[in-house]
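All values reported here derive from a predicted model rather than from experimental measurement.
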Amino acid sequence: AALLAGRPAWAAELLRAVDAGTADRTAVTDDALTRLRLHRDPALVALVERVFGPAPAPGSEAEAVAEDLERGRRVLARGSGSPVLGRTVFRTTCASCHMLFGEGGQIGPDLTSHDRSDPQALLGHVASPSTAIREGYETTVVITDDGRTLSGFVVGEDPGMLFLRTADGRTVPVPREGIEERRLSPVSIMPSGLLRGLDDQQIRDLFAYLRATQPLATR
């Protein structure tokens with residue numbers, strides 16, 4: 001879905017399929033939906049809104065993030081978690097992008113070497129990823145002259161080419177001569193709302209694993 005969302009014609013076909021029920025709307029990830037909303041064609045913008053509703057009103061996501069932070073503080077204060085169970089939660093919610101103790105993806109920062117001792121600081125990074133984006137992981141949005149819309153991290157560039165690492169882990173080469181617009185986005189490629197799909201004990205378990213100082217013994 002993320003690949004289809006990048007080109008206007010493909011994006012329109014994807015949206016019509018979802019609207020008709022011939023494509024699963026859950027296959028349109030947060031990243032793909034964000035990319036769909038970046039298109040400037042009024043007809044495509046209207047189609048996105050018809051299928052997925054209008055973009056969240058300014059401030060609404062900030063309110064939701066504030067609620068996530070408050071809930072996280074309460075949950076972490078009320079009990080402890082299991083690092084072993086937390087590893088399972090990490091694998092299903094974080095490992096597609098982040099690596100910890102040699103396990104996981106390479107889209108976002110490797111967490112192993114970062115200070116993970118402060119649970120409140122960790123909570124801020126998980127619940128509100130756009131508040132403090134690490135250097136080198138700023139989201140760059142690129143619009144090309146053939147209508148593609150791409151977003152991701154700049155992992156390399158030379159006089160003729162820009163290389164973007166997208167949210168699905170691909171490294172996409174973009175010829176400089178074909179770039180119509182390039183801009184930094186204040187929004188992290190990591191979505192907010194990750195805690196909303198977890199129950200209280202899963203949150204405690206996840207944070208117990210994130211705070212582990214060494215790999216867990218494997219069985």
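Minimum interatomic distance between Pro54 and Arg37 (heavy atoms only, all atoms of both residues): C-NH1, 3.6 Å. For the residue pair Thr139 and Ser151, the shortest heavy atom distance occurs at CG2-CB, 4.2 Å. Contact record, Ala11 with Leu36: CB-CD2, 3.5 Å, taken as the closest heavy-atom pair. For the residue pair Ser117 and Asp115, the shortest heavy atom distance occurs at OG-OD1, 2.7 Å. For Leu164 against Gly152, the heavy-atom pair with the smallest separation is CD2-O, 3.8 Å. Nearest heavy atoms, Ala127 versus Ser192: O-CB, 3.8 Å.
In this structure, Leu15 CG and Arg25 CZ are separated by 10.0 Å, a value rounded to the nearest 0.5 Å. Between the CG atom of Leu206 and the CD atom of Gln201 there is a distance of 11.5 Å, given to the nearest 0.5 Å. Put simply, CD on Glu63 and CG on Asp68 are 12.0 Å apart, with the number rounded to the nearest 0.5 Å. In this structure, OG1 on Thr140 lies 9.5 Å from CZ on Phe153, to the nearest 0.5 angstrom. Note that OG1 of Thr144 is 14.5 Å distant from CZ of Arg176, once rounded to the nearest 0.5 Å. Expressed to the nearest 0.5 Å, how far CZ of Phe101 lies from CD of Gln214 amounts to 7.5 Å.
For the residue pair Asp110/Gln106, the side-chain donor-acceptor check at 3.5 Å is not satisfied.
Ion pairing of Glu157 with Arg182 is present here, as a side-chain N (NZ or NE/NH1/NH2) and a carboxylate O approach within less than 4.0 Å. Between Glu103 and Arg87, none of the side-chain N atoms (NZ, or NE/NH1/NH2) sits under 4.0 Å from a carboxylate O, so this pair counts as no salt bridge.
Within the 4.5 Å cutoff, no side-chain heavy atoms of Cys97 are placed close to those of Met190. With a 4.5 Å cut-off on side-chain heavy atoms, Val187 and Ile133 do not count as touching. Counting only heavy atoms from C-beta outward, the side chains of Pro83 and Leu216 approach each other to under 4.5 Å.
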Test salt bridge (Lys or Arg N to Asp or Glu O under 4.0 Å) applied to Arg71 and Asp200, step by step: CA-CA 9 Å; Arg71 178 195 172 207; Asp200 290 359; 2.9 Å; yes
Leu100 vs Phe90, side chain to side chain contact (heavy atoms under 4.5 Å, CB included): CA-CA, chis, key distance, verdict: CA-CA 9 Å; Leu100 181 58; Phe90 175 85; 3.7 Å; yes
Side chain to side chain contact (heavy atoms under 4.5 Å, CB included) between Phe207 and Leu123, worked out: CA-CA 8 Å; Phe207 278 75; Leu123 176 62; 4.0 Å; yes
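Under a 3.5 Å cut-off, the side chain of Glu70 and the backbone N or O of Glu67 do not form any donor-acceptor pair. Panel note: side chain Thr93, backbone Val89; a donor-acceptor pair is recorded below 3.5 Å. Judged by distance alone, with hydrogens and angles left aside, the side-chain atoms of Arg116 form a donor-acceptor pair with the main-chain N or O of Ala212 at under 3.5 Å. In this structure, the side chain of Asp205 engages the main chain of Ser82 through a donor-acceptor pair within 3.5 Å. Side-chain atoms of Arg204 come within 3.5 Å of backbone N or O of Val75 as a donor-acceptor pair.
Within a 6.0 Å sphere centred on CD of Glu177, heavy atoms belonging to other residues, nucleotides or ligands number 12 at most.
Clustering ILVMFWY residues whenever any of their side-chain heavy atoms sit less than 4.5 angstrom apart, transitively, puts Leu194 in a cluster other than the one holding Leu198. Hydrophobic clustering (ILVMFWY, side-chain heavy atoms < 4.5 Å, transitive): Ile203 and Val65 are in one cluster. Under a hydrophobic-cluster definition in which Ile, Leu, Val, Met, Phe, Trp and Tyr are linked whenever side-chain heavy atoms come within less than 4.5 Å, directly or via other members, Leu47 and Val45 are assigned to different clusters. Note on Leu111 and Val84: same hydrophobic cluster, where clusters join Ile, Leu, Val, Met, Phe, Trp and Tyr whose side-chain heavy atoms are under 4.5 Å apart, directly or indirectly. The hydrophobic clustering, which links ILVMFWY residues whose side-chain heavy atoms are closer than 4.5 Å, places Trp10 and Val51 together.
The one candidate from Val155, Val142, Leu150 that meets the side-chain contact (heavy atoms from CB on, under 4.5 Å) condition with Val172 is Leu150.
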